[in-house]
Protein chains: 4
Amino acid sequence: MQIGMMGLGRMGANMVRRLLRDGHECVVYDINPASVEALVTAGAIGAASMEEFVGKLTKPRSAWLMLPAAITSRVVDQVADLMEPGDIIVDGGNSYYHEAVDHAARLASKGLNYVDVGTSGGVWGLERGYCLMIGGPDSAVQHLDPVFATLAPGADAGMPAPGKDAGTAPFGYLHCGPSGAGHFVKMVHNGIEYGVMAAYAEGMNILKSANAGKRQRTADAETSPLENPQYYQFDIDIAQVAEVWRHGSVIGSWLLDLTAGVLKADSGLTQFGGRVSDSGEGRWTLKAAIDTGVPAPVLSSALFDRFASQGESEFADKLLSAMRYAFGGHVEKPKTGS
Amino acid sequence: MQIGMMGLGRMGANMVRRLLRDGHECVVYDINPASVEALVTAGAIGAASMEEFVGKLTKPRSAWLMLPAAITSRVVDQVADLMEPGDIIVDGGNSYYHEAVDHAARLASKGLNYVDVGTSGGVWGLERGYCLMIGGPDSAVQHLDPVFATLAPGADAGMPAPGKDAGTAPFGYLHCGPSGAGHFVKMVHNGIEYGVMAAYAEGMNILKSANAGKRQRTADAETSPLENPQYYQFDIDIAQVAEVWRHGSVIGSWLLDLTAGVLKADSGLTQFGGRVSDSGEGRWTLKAAIDTGVPAPVLSSALFDRFASQGESEFADKLLSAMRYAFGGHVEKPKTGS
Amino acid sequence: MQIGMMGLGRMGANMVRRLLRDGHECVVYDINPASVEALVTAGAIGAASMEEFVGKLTKPRSAWLMLPAAITSRVVDQVADLMEPGDIIVDGGNSYYHEAVDHAARLASKGLNYVDVGTSGGVWGLERGYCLMIGGPDSAVQHLDPVFATLAPGADAGMPAPGKDAGTAPFGYLHCGPSGAGHFVKMVHNGIEYGVMAAYAEGMNILKSANAGKRQRTADAETSPLENPQYYQFDIDIAQVAEVWRHGSVIGSWLLDLTAGVLKADSGLTQFGGRVSDSGEGRWTLKAAIDTGVPAPVLSSALFDRFASQGESEFADKLLSAMRYAFGGHVEKPKTGS
Amino acid sequence: MQIGMMGLGRMGANMVRRLLRDGHECVVYDINPASVEALVTAGAIGAASMEEFVGKLTKPRSAWLMLPAAITSRVVDQVADLMEPGDIIVDGGNSYYHEAVDHAARLASKGLNYVDVGTSGGVWGLERGYCLMIGGPDSAVQHLDPVFATLAPGADAGMPAPGKDAGTAPFGYLHCGPSGAGHFVKMVHNGIEYGVMAAYAEGMNILKSANAGKRQRTADAETSPLENPQYYQFDIDIAQVAEVWRHGSVIGSWLLDLTAGVLKADSGLTQFGGRVSDSGEGRWTLKAAIDTGVPAPVLSSALFDRFASQGESEFADKLLSAMRYAFGGHVEKPKTGS
């Protein structure tokens, strides 16, 4: 079927390639003409402006937006102005699901359909397929089914095909509910991702310290002594451990597969400094937990560790040192790395 | 090769079956004669006492213990008394790695080898293979290599075989270091497992509350109001979400595969009450983090949530209610489930 | 000076009494005539309607609202409709500071002043004085200074009076910034309060378990063993400990004073069930931390423990039990209290 | 009465001064003769060796040790060798309570009494009195009562004296149980202290970010946007806020008194770098929580934040960045302070 794609960054461009490869017709537009050109070469129909982009779409039009969260809202309104009742706008970016709820309500009054698609798979999606979490009106979601089926990974290779009544989830895409439900589920997906990543990272960090008993330790009142150094004499090869856990352990996962690959290439992680960004979904997940009164101590710990890695605990830490000095005369030790 | 297995519970018995299947000779012993008999039928050599068990082993003897953590220490000493220099005792149970360090030091003076094997794979190991994390003297670990190779999953089906210099990790077993290192790595594995499980559980719990805006909410000073109910109108099918995440998402994992299976069978989890046990490794992991000064907020949150599920936050919570009453006159609301 | 007070619940009524006692003229109104009557007897000027209330105030009018957060917004608008440029509306309740920011912007266009006052002190404020955190335009805050000075505790008895340039903070009230700043600071105050309360509660709970080594412990695979029971043989008198910590320790505080009183009266806390409410500020504090990227692991842990005490971790815990069953065949233990 | 004091650092020396001031006879010893000399000048009886120190004590001897935790154990054994049945050794340092339990068991067989005294009050104790948490045999604790009564703050000035049956807690000292109970209660005291300090520090850090809406924010995919900058326009004077909270608020405390003093002197905390030490008790408190299965999420968060401030989350954070790069191609932003 035909689909329009606006926003041809890494994610958008790869999705177009996957769609073209499966025989779909793709109309593409990006503010950067070179991005359009590259996909035209690959078989897509290019557009030089938003108007041309919408104009080349067959009714009912389906325009998929793959844009930075910061500008999505504005572009949705611009595209909507060019569209007609029955047309469909898809937001496949990492937008806050609140916006999907708000957009859908506003666009419904114009007869437009708003479909939000949470898209997971990162840079691997082109080959592996994207996991799609979809929100929106039934008819519009149904209409786009061929596109979703192509973008998603599809049935597991070498496994019996899932039955008709198993729905689409076994193929890697799911209509989760009305507009907003797709980005909501994707948001929670990322919240979980932060927690899972932090679990591995903390565990690996403990493995790395398994030789703490070999290190010389300052014996002053500001350093807690290591009681039983004989239990911390191990030099663990963390890259090998990550690899062995991939095979038959309870914690095997795709993230672990990637982690093992990273550690194999550079076990000291020398190219990283340890400033961990967060891109919004973890924050929104926590706000949802707070709004609904659901405990989320693991997900919040994972998020706050990222904040701390960004330097944001500095004032609090200074204050703690100041308090210790005030009540106990404790003088701060010089700050050094681990 | 020949291996002795003592302790024929679910794990031990399955391991014997996997070893027999691959052509190894297994001498087996358990305090329960029926367990011995069942494996003799399957091809193992049975023993009626610990003495007979050790007597039937060829020198250098290899006795693998698969026992509850609480009795392992005692049995190790009993077996050691029956053995001779050069023999090997393997502890494949969930023992605290401190004990492996202590045992190894004590047994080394008798010329005995102590090998600790952290074994992951649960009830699925018979078919899937066990992930083995191994600690102990080089020669003893080398001697047992054929046994490890059989118990572990082996190279991935359909993938090119790992090169010689990739070591054994790609086959699912790894010599992690001297005695204790195997149980240390397994301990951290389980610590991570707690964190990963909690990340999924918290996220799923948030999904389940995505319809909070539909519920009637008491409007009293003791209930925090839901500001924007329009954003919490989703009835998410959690079982389907778990399934879709298995296909192409960043958080795909073996635990998620199992979780999807569980939710498919019983999406309300009606057969569970929510009392989550912990079996030691999570606690030990945290103690190691504390000893070595490594931050582990995610792993500790996961552990403490289990403690709370066991009812252990009750007194603290009563005290909080008492404080609120004392400073603000707040009267506690009756306790009801969610 | 003259001040109008609307909302004569426990807090509002006590504040009027404290104001009357110090010679201020109070015009009072409440939807419940009996509450008005009680204060008229104490010397206040009563009003039978909102219109009469506003009518009895001298220009520039000062109307202090002490209402439940849920209805404050609506009443602010009603009162504002009756007022004239230069008049002042004070919100002394536990409103979300976002509302103060929004109200102030809206009312400023009518020439009205909006002052938000975070008020701490609970049921003890009448005698002890209230700690006041104030946001709003300089002139309006300045105008209300005599009222703030009366409501606040004033200078410490028996201490040298603070100098002129020390500002008003040593007297227990502070102009924190423009409209919204008062409720913002009060919000964070309560966030801290949650954390401090939880720190005491967790510590007390550990003290209560200091005799864990005396208890019989089930020896099964689902119960983590207590390694060294000899270290947990203490029957600590928690009420006495709370009392002794009040005298000379680093953690002495007003909350500890109250806690000691509570435990002295009922060391088993038998009148409480352990369902801990939260009234909004803790949630808002965390949202502010999330918005601004500030790590708040302690404050969030305290909040999430309250959510858990309200039963909201139930589904997550069931899911954990289900996962354990799925990968390890672990059967859940029956749920019992501590 | 007579008491011997060994270890004349800041804490030990001040305690001797407080005891002398109240008419007690103090025999003092330190490895540093100048420390002994200073107290002899103040009226104490000096000793030049451990033998002389013990020799100058009247039977039953009472020797109070105020030493670094790292050497206490060794010195206890040396002093014990010089003592006779009925004598008393007091450990007033920050020792692990396990050692008190072990020492007491060993010394009891020689007829010696071991008394452990947790001592809180820091550098302020000389004037303010020390809060004493005491463990040991009844008779020995009873014998030392006059010393405890002097060191402790005593009854509150200006308050009615507590009744006889109120025990000693209102005077600031408490016999908590058998040997080890004193250090156990002190350990938990410090665990709580970490939590309370962190609650203040996190809250203050949020206040400091209340102007986040004024700051320019990078608009890239690695920076989560601030949704509503209009709510973060406050420049809060944190020093003034700390001061106002001291007067009538729910979170008033001695730690807040000190914090206000610190911030008044240097609101930017420029003399501190933010490396927060921990001296053992916080770690031990958590181990006790883990052993006894008590949830302590707040206390652990506070401890782990200190570990992170010491640089110990570095490897974990690098690993998180590496994972993000591996699945999403996210390039790490340069590390800068807040």
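As the structure is a prediction and not an experimental result, all values here were calculated from the model. Each chain gets a letter, A, B and so on, in the order its sequence line appears, and its residues count up from 1.
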- Message: Tell me which of these, A:Gly167, A:Ser253, A:Ala105, A:Ala242, has more heavy-atom pairs under 4.5 Å with chain B than the rest.
- Response: A:Ser253
- Residue part contacting chain A, namely of B:Tyr97, when any heavy atom lies under 4.5 Å: side chain
- Message: Less than 4.5 Å to any heavy atom of chain B: does that hold for the side chain of A:Pro297, its backbone, both, or neither?
- Response: both
- Message: Within the 4.5 Å heavy-atom criterion, are A:Gln233 and B:Pro178 side-chain neighbours or not?
- Response: no
- Checking A:Phe304 against chain B: side chain, backbone, both or neither under 4.5 Å from a heavy atom? neither
- Using non-hydrogen atoms and a 4.5 Å limit, figure out which bit of A:Asp305 sits close to chain B: side chain, backbone, both or neither. neither
- Would you call A:Cys131 and B:Val244 a side-chain contact if the rule is heavy atoms closer than 4.5 Å? yes
- Task: Answer whether the closest heavy-atom distance between the side chains of B:Cys176 and A:Gln240 falls below 4.5 Å.
- Result: no
- Message: Less than 4.5 Å apart, side chain to side chain, heavy atoms only: is that true for A:Glu202 and B:Val294?
- Response: no
- When the 4.5 angstrom heavy-atom criterion is applied to B:Leu132 and chain A, the contacting part is backbone
- Query: Are the side chains of A:Val241 and B:Val188 in touch, meaning some heavy atoms are under 4.5 Å apart?
  - Reply: no
- How far does OH of A:Tyr231 sit from CD of B:Glu99, to the nearest 0.5 angstrom? 8.5 Å
- Message: Would you compute the distance between atom CD1 of A:Ile236 and atom CG of B:Leu174 and round it to the nearest 0.5 angstrom?
- Response: 8.5 Å
- So what's closer than 4.5 Å to chain A heavy atoms on B:Ala166: side chain, backbone, both or neither? backbone
- What pair of heavy atoms forms the shortest contact from A:Gly248 to B:Arg128, and how long is it? O-NH1, 3.0 Å
- B:Val298, part contacting chain A, at a heavy-atom distance under 4.5 Å: both
- For the candidates B:Thr119, B:Asn228, B:Asp237, B:Asp156, which exhibits the highest count of non-hydrogen atom pairs separated by less than 4.5 Å from chain A? B:Asp156
- Turns out that what part of B:Met133 lies under 4.5 Å from chain A's heavy atoms comes down to side chain
- Query: Taking the inter-plane angle between the rings of B:Phe234 and A:Phe184 on a 0 to 90° scale, is it parallel (under 30°), tilted (30 to 60°) or perpendicular (over 60°)?
  - Reply: tilted
- Message: Please classify the contact of A:Ala100 with chain B as side chain, backbone, both or neither, using a heavy-atom distance under 4.5 Å.
- Response: neither
